[in-house]
S.K.: 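One structure is given below, represented as structure tokens, and several questions about it will come after.
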Amino acid sequence: MANAPTKPTTPVKESSSASGAFATLTIPICIVVAILIFVFILGHPSHYKGGDPANEPNPGDLFGTVHKGGVIVPLIMSYLLMVIVFSIERFVVIGKASGTGNVDTFVRKIQSLLNSGNIDGASAECDKQKGSVANVIKSGLKKYKEMEFDQTLDVEQKALAIQKDIEEATALEMPMLEQNLTIIATLVSIGTLTGLLGTVIGMIKAFGELAAAGAPNQSALSNSISEALINTALGIGTSAVSIVMYNLFTSKIDKLTYAIDETGFSIVQTFAASHKK
């Protein structure tokens, strides 16, 4: 008994090396940019009374207030920059994977063509749509046509070969969409934890000022508490943005995966129904 082919007909077009290189470059660049923003923009003398960063920020000056958050602030800012950069990168990659047209409309067209037995027309639609979804579907359609001329397998084995080809093509295409999502997911936790670290440091300074002065020093105490609250706010804000972006991208990927599964099932069922003995 002949075995079904184990190699999908769609080649791997993009390796993870490019995405890995992008992440490797992006992370240190974001850290450097955040430090430069913290030092030269937020810490500019114009944001402080008398033009001296050692003084209090000007009333209502947000930049000076954030700068007073201390050394943890640029680290949290780098996290926020990473979320923004990786989100833009994922938007581009997932947009390309979706193709040139609406995915739902594309799926309906393919199903309609399959129902009418127009396999060549379905392949032509894949060429128009492009993207990862169309690539996987086209791989299944190509295998469909190959199985029509195969005399070594029965109908059930042929349908299984088509299904296996679609699954393997999906396994090659879909991981590309999930790359760098782990970084965004990690930043969800790290952002909050780093913010809490800044909060603890600020409170330690506040109690240290109280212990050293013996009597409450309202100015020093308020500065330390302000530092704690600024880090908390930045950490929570960064985590919130990360959560929204992560859920948005996973939702988009799930939608593409469902479209592939739905269309792949239609291809297999159409083959089995049209080749019954």
Side-chain angles (χ1 to χ4, degrees), residues 13-31 33-34 37 66 69 72-108 129-137 166-167 169-199 229-265:
K13 299 191 300 180
E14 182 176 333
S15 66
S16 61
S17 59
S19 181
F22 177 81
T24 302
L25 291 174
T26 297
I27 292 174
I29 289 174
C30 286
I31 294 174
V33 171
I37 293 174
V66 174
I72 300 296
V73 169
L75 186 57
I76 301 177
M77 288 173 57
S78 69
Y79 296 161
L80 182 57
L81 288 175
M82 290 177 204
V83 172
I84 294 172
V85 173
F86 284 117
S87 295
I88 293 173
E89 186 255 355
R90 287 295 92 190
F91 267 119
V92 173
V93 171
I94 294 176
K96 288 182 178 179
S98 299
T100 57
N102 182 273
V103 174
D104 293 333
T105 303
F106 168 70
V107 170
R108 287 194 294 270
Q129 179 72 12
K130 301 179 181 179
S132 295
V133 176
N135 288 342
V136 174
I137 301 307
I166 294 172
E167 290 174 352
T170 302
L172 293 175
E173 291 279 356
M174 290 296 106
M176 177 185 67
L177 304 182
E178 298 175 351
Q179 288 175 354
N180 296 332
L181 280 186
T182 52
I183 296 176
I184 296 178
T186 302
L187 291 173
V188 172
S189 300
I190 292 181
T192 302
L193 292 175
T194 307
L196 290 175
L197 175 61
T199 301
L229 295 178
I230 288 168
N231 283 282
T232 302
L234 288 176
I236 292 175
T238 299
S239 294
V241 174
S242 302
I243 291 172
V244 171
M245 290 296 100
Y246 180 81
N247 289 336
L248 176 64
F249 293 132
T250 52
S251 176
K252 286 180 175 290
I253 292 171
D254 288 343
K255 182 179 179 180
L256 296 181
T257 304
Y258 177 78
I260 290 175
D261 291 342
E262 182 182 5
T263 312
F265 178 79

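Note that this is a predicted model, so its numbers are computed, not measured.
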S.K.: Decide yes or no for Phe22 and Val85: does some side-chain heavy atom of the first lie under 4.5 Å from some side-chain heavy atom of the second?
M.R.: yes

S.K.: Within the structure provided, determine whether Pro74 and Ile37 are in side-chain contact (heavy-atom separation under 4.5 Å).
M.R.: no

S.K.: Does any part of the side chain of Ile260, heavy atoms only, come nearer than 4.5 Å to the side chain of Met174, both counted from C-beta?
M.R.: yes

S.K.: Enter the distance from Ile76:CD1 to Leu193:CG here, rounded to the nearest 0.5 Å.
M.R.: 10.5 Å

S.K.: Report the distance from atom CD1 of Ile253 to atom CG of Leu177, rounding to the nearest 0.5 Å.
M.R.: 5.5 Å

S.K.: Take atom CZ in Phe91; do more than 12 heavy atoms of anything else shown fall under 6.0 Å from it?
M.R.: yes

S.K.: Taking the side chain as every heavy atom from C-beta outward, state whether Ile84 and Met245 have any atom pair closer than 4.5 Å.
M.R.: no

S.K.: Should Asn231 and Leu197 count as side-chain neighbours, where that means a heavy-atom distance under 4.5 Å?
M.R.: no

S.K.: Please round to the nearest 0.5 Å and tell me the distance separating atom CG of Leu172 and atom CG of Asn135.
M.R.: 11.0 Å

S.K.: Let me confirm one number: the CD-CG distance from Glu89 to Asn180, rounded to the nearest 0.5 Å.
M.R.: 4.5 Å

S.K.: Considering non-hydrogen atoms only, spot the tightest contact between Tyr246 and Ala185 and give its length.
M.R.: CE1-CB, 3.7 Å

S.K.: Dump the intermediate steps for side-chain contact (heavy atoms from CB on, under 4.5 Å) on Val107 and Tyr258, then the final yes or no.
M.R.: CA-CA 10 Å; Val107 170; Tyr258 177 78; over 6 Å; no

S.K.: If you compare all heavy atoms of Ala34 against all heavy atoms of Leu81, which two are closest, and at what distance to 0.1 Å?
M.R.: N-CD1, 3.9 Å

S.K.: Report yes or no: does Ser189 contribute a side-chain atom to a donor-acceptor pair with the main-chain N or O of Thr186 at less than 3.5 Å?
M.R.: no

S.K.: Mind checking the CG-CG spacing from Asp261 to Leu256? Nearest 0.5 Å is all I need.
M.R.: 11.0 Å

S.K.: Quick check: does any side chain N or O of Glu173 sit under 3.5 Å from a backbone N or O of Val133, one acting as donor and the other as acceptor?
M.R.: no

S.K.: I'd like to know if the side chain of Thr192 reaches the main chain of Ile236, judged simply by a donor and an acceptor atom lying under 3.5 Å from each other, with no hydrogens or angles considered.
M.R.: no

S.K.: Identify the residue among Val33, Thr26, Ile27 that makes a side-chain contact (heavy atoms from CB on, under 4.5 Å) with Cys30.
M.R.: Thr26

S.K.: Do Tyr79 and Ser239 come within less than 4.5 Å of each other through their side chains, counting heavy atoms only?
M.R.: no

S.K.: When rounded to the nearest 0.5 angstrom, what is the spacing between OG1 in Thr199 and CD1 in Ile72?
M.R.: 10.0 Å

S.K.: Give the minimum heavy-atom separation between Ala259 and Val103, together with the two atoms involved.
M.R.: CB-CG1, 3.6 Å

S.K.: Using every non-hydrogen atom in the two residues, find where Asn247 and Thr250 come nearest and quote the distance to one decimal.
M.R.: O-OG1, 3.0 Å

S.K.: Test side-chain contact (heavy atoms from CB on, under 4.5 Å) on Leu80 and Leu234 and set out the steps.
M.R.: CA-CA 9 Å; Leu80 182 57; Leu234 288 176; over 6 Å; no

S.K.: Please give me the minimum heavy-atom distance between Ser242 and Val83, naming the atom from each residue.
M.R.: OG-CG2, 3.0 Å

S.K.: Under 3.5 Å, side chain of Gln179 to main-chain N/O of Arg90, donor-acceptor pair present?
M.R.: no

